[in-house]
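Reading through the structure tokens given below for one structure.
Note that ligands are numbered from 1 as they come in the structure, with each ligand's atoms numbered from 1 the same way. Everything quoted here is computed from the prediction, not taken from an experiment. Reckoned from all heavy atoms, side chains included, excluding hydrogens, waters and symmetry mates.
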Amino acid sequence: MKLFTIGPVEMYPRTREIGGQMVPYFRTKAFSTMMLETDAALKQLLGASEASKSVYLTVSGSGAMEAVVMNCLSASDRALVIVGGSFGARFAELCALHGVPYTALTLREGETLTVEHLAPFTGQGYTALLVNLHETSTGQLYDVNLLADFCRANQLYFLVDAISTFLCDPYAMDASGIDATIISSQKGLCLPPGISVVVLSERIVREKVLCKARQSLYFDFRVYIENFARGQTPFTPAVGILVQLHDMVLSLLEEGLATRLERVQALCRHFRTHLSGIPVHLPEYPLSNAITPLCFERKIAMELFQYLQESYGFYVNPTGGAKGSSMLRVAHVGDLRAEDNLQLIEAMRTYFKNE
Ligand SMILES: *Cc1c(COP(=O)(O)O)cnc(C)c1O
């Protein structure tokens, strides 16, 4: 079995080894120390200041998205939500569900987000912008500077789901003026699913999180922030994944963030430049290094998906929605090498030859 999927991804041997060990008890000094060490490293990798606050949630990414909407926004806000695919639509749904007034900036299929899209929303009284910086469902990587400039000019809180761009593309939380960053264990961090982390700017903690009326027991960020001062979480976390996270962030710092990003980018470029002979094209909008969306001329996506799985044990990402029948997505994150790319491409060639 080989995973060319994003979340879970093909995990590294040392992560799997830790996964086979006893899960330790966690109300201990040793666990607290480990968590504080993890947090310092994670902030460094995110380009977040030491003054920012982290919330370690035992939920998948969508749980963290919901928690951010609940803790950082309220009925007195007006949110602008970039909806360029299914994850953007999820943010819009969460705003509706939690009574946050919002406007969806909806992109057409294949459309690139540009400054012209944002212009009509300038000076219109918006208070926050919500975006999935890499809209994983289409592969579009939005221009963070474009969004950061808009947020600065209009004094918006800048709330970013960075789940599938962190550790795949450059990301600098403080330099981009980001107030909330959401990440999840099963994407760029190459860990099992189960832990999501929200990193909050000092100002959003002070001006929003600490001011909101309590509306949830499990998702109240204030309790997490209070507990984390001593490296603890209010409830039992996915302890085993946190041990794997500690090992991962320390080894990432040792390897160097730039080295990791170069590795993902090199693998991504290698894949995209070796597709000749396959009847496929890539979208025209800017792409993340995390995945390559493959647009086929005919509606063979699910058949090819099955073929790769059954004949080779290769798993790629199917796509939801209207594009689902003609698009597959191939991830470049995790313990993969150029040879793996070549094997996958060869398998696809064989499919089209025998078709
Ligand atoms: C994977 C992902 C999520 C989280 O999805 P879950 O299934 O809840 O883990 C959220 N946003 C983006 C952009 C993602 O890629």
Under 3.5 Å, is there a donor-acceptor pair between the [X] and [Y] side chains?
{"X": "N317", "Y": "T5", "result": "no"}
{"X": "E297", "Y": "H281", "result": "no"}
{"X": "Y126", "Y": "T103", "result": "yes"}

Show the distances, to 0.1 Å, for all pairs joining an N/O atom of ligand 1 and a protein N/O atom that are shorter than 3.5 Å, listing one pair per line.
{"from": "ligand 1", "atom 1": "8 (O)", "to": "S60", "atom 2": "OG", "distance (Å)": "2.5"}
{"from": "ligand 1", "atom 1": "8 (O)", "to": "G61", "atom 2": "N", "distance (Å)": "3.4"}
{"from": "ligand 1", "atom 1": "8 (O)", "to": "S62", "atom 2": "N", "distance (Å)": "2.8"}
{"from": "ligand 1", "atom 1": "8 (O)", "to": "S62", "atom 2": "OG", "distance (Å)": "2.6"}
{"from": "ligand 1", "atom 1": "9 (O)", "to": "S60", "atom 2": "OG", "distance (Å)": "3.4"}
{"from": "ligand 1", "atom 1": "9 (O)", "to": "G61", "atom 2": "N", "distance (Å)": "3.1"}
{"from": "ligand 1", "atom 1": "9 (O)", "to": "Q186", "atom 2": "NE2", "distance (Å)": "2.9"}
{"from": "ligand 1", "atom 1": "11 (N)", "to": "D161", "atom 2": "OD2", "distance (Å)": "2.6"}
{"from": "ligand 1", "atom 1": "15 (O)", "to": "T136", "atom 2": "OG1", "distance (Å)": "2.5"}
{"from": "ligand 1", "atom 1": "15 (O)", "to": "K187", "atom 2": "NZ", "distance (Å)": "2.8"}

Count the heavy atoms belonging to other residues, nucleotides or ligands that lie under 6.0 Å from CZ of R27, then report whether that count exceeds 12.
yes
Angle between ring planes, F235 versus Y218, binned at 30° and 60°: parallel, tilted or perpendicular?
parallel
Does the pair T233 and N227 meet the rule for a side-chain hydrogen bond (donor to acceptor under 3.5 Å, both in side chains), with working shown?
CA-CA 6 Å; T233 54; N227 276 265; over 6 Å; no
